[in-house]
Protein chains: 2
Amino acid sequence: MTSALDETTAQLRAAGLSPTRRRRLVLEALDRRPRPVGAHELYVELTQQGTPVGMSTVYRTLTALAAKGLLHVFVRDGETHYRLCAAGRHYHLVCRRCGLVVEHVDEDEGWLKRIAREADFEADSPETEIHGVCGPCHRALKS
Amino acid sequence: MTSALDETTAQLRAAGLSPTRRRRLVLEALDRRPRPVGAHELYVELTQQGTPVGMSTVYRTLTALAAKGLLHVFVRDGETHYRLCAAGRHYHLVCRRCGLVVEHVDEDEGWLKRIAREADFEADSPETEIHGVCGPCHRALKS
DNA sequence: GTTAGTGCAAACCTTTTGCACCAGG
DNA sequence: CCTGGTGCAAAAGGTTTGCACTAAC
């Protein structure tokens with residue numbers, strides 16, 4: 001069966017993008033990644049894996065997917081990185097050492113609302129970024 | 001009296017940077033800004049105000065001040081922006097419309113610690129970023 | 001066949017760097 | 001003097017764009 005392929009196809013359709021070969025390959029590559037990827041790295045991966053893609057296609061696809069809300073965007077060392085995102089309210093914990101991003105769902109839904117109210121903000125995007133060092137990296141640094 | 005000048009001088013010395021004319025001017029310009037400024041904008045401001053400065057000096061000064069912890073760094077539309085920062089634990093609320101950044105001190109010190117613990121992170125930098133729309137912008141958008 | 005997608009190369013923009021000059025102690 | 005700061009111009013990324021070609025319905 002071709003469920004993986006079908007799934008990316010469905011995702012693209014749901015986003016209102018025609019499911020072309022390149023787009024599916026980009027989405028599949030993203031699907032395998034635990035942490036945000038830069039356009040160039042993705043380009044190299046797809047090219048080496050025997051799928052020639054133009055840089056512009058990579059950029060255009062990533063931009064389109066992000067605009068549709070399928071990807072989260074992170075900036076790391078002056079380079080934009082993208083990662084598949086879960087829907088719904090959650091926070092992002094970003095490791096500044098290895099770049100890992102953990103999506104954490106907080107049970108205490110009221111916290112963000114309270115902060116926003118106190119600061120006179122509409123915190124419409126719950127994708128709050130918390131920066132630090134992930135557990136594995138922290139333990140590696142201590143040793 | 002020249003207290004303003006003295007103050008930037010003191011800030012620079014405290015940061016371990018010799019208080020040159022250019023650096024003081026950069027710091028003073030930042031002091032007048034409620035929201036993060038990009039290097040180019042700062043360059044234009046200083047130049048128009050009759051103080052010729054090289055772009056490289058602006059960049060080098062901003063980088064140095066940020067490295068010393070005197071400035072917070074934000075990325076907006078692919079351009080790095082800098083703002084004088086308060087010391088101590090606080091969150092940043094960033095308006096995606098006007099770029100305003102509000103520093104909010106939360107009384108509930110435990111929240112961040114709890115999130116970090118649950119996600120196995122060391123949230124060493126309390127300068128968490130919350131994105132949204134500030135009150136004035138939100139009201140402007142509704143009208 | 002018509003419309004959307006793609007590749008290439010050039011352009012763009014922000015930021016960094018090399019090097020000669022300058023300033024301040 | 002001598003060291004660090006500065007300016008200029010060039011280079012270095014990363015990203016976008018114009019245009020001709022291709023592919024999919």
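Quick caveat, the model's predicted, so the values are computed rather than measured. Below, chain A is the first sequence line, B the second, and so on; all start at residue 1.
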> Given atom OH of A:Y43 and atom P of C:dA9, what is their separation to the nearest angstrom?
Replying inline: 10 Å
> Do the side chain of B:R35 and the main chain of B:V102 share a donor and acceptor less than 3.5 angstrom apart?
Replying inline: no
> Over how many whole Å does the gap from B:R13 atom CZ to D:dG5 atom P extend?
Replying inline: 13 Å
> Starting at CG of B:L25 and ending at P of D:dG5, how long is that distance when rounded to a whole Å?
Replying inline: 16 Å
>> Can you measure B:D77 atom CG to D:dT16 atom P for me and round it to whole angstrom units?
In response: 11 Å
> What distance separates A:T63 OG1 from A:K68 NZ, expressed to the nearest 0.5 Å?
Replying inline: 13.0 Å
>> Looking at B:R23, I'd like to know whether one of its side-chain N or O atoms comes within less than 4.0 Å of OP1 or OP2 on D:dG5.
In response: yes
> Is the A:H72 to A:H90 ring centre distance short of 6.0 Å?
Replying inline: yes
> Tell me: NE2 of A:H40 to P of D:dT16, nearest whole Å?
Replying inline: 16 Å
> For the pair made of CZ in B:R21 and P in C:dG25, what is the distance, rounded to whole Å?
Replying inline: 14 Å
>> Tell me whether the side-chain N/O atoms of A:T20 come closer than 4.0 Å to OP1 or OP2 in C:dA4.
In response: no
> Rounded to the Å, how far apart are B:E79 CD and C:dT16 P?
Replying inline: 12 Å
> Rounding to a whole Å, what distance do you find between B:R22:CZ and C:dC21:C1'?
Replying inline: 13 Å
>> If I take atom CD from residue B:E28 and atom OG1 from residue B:T51, how far apart are they, to the nearest 0.5 angstrom?
In response: 9.5 Å
>> So, taking the atom named CG in B:D124 and the one named CG in B:L112, what distance separates them when rounded to the nearest 0.5 Å?
In response: 9.5 Å
> Going by heavy atoms closer than 4.0 Å, what residues in residues 47-74 of chain B are next to DNA chain C?
Replying inline: B:S56, B:Y59, B:R60
>> Applying ring-ring contact (aromatic ring centres under 6.0 Å, His included), can you list everything that pairs with B:Y59, at least two apart in sequence or on another chain?
In response: none
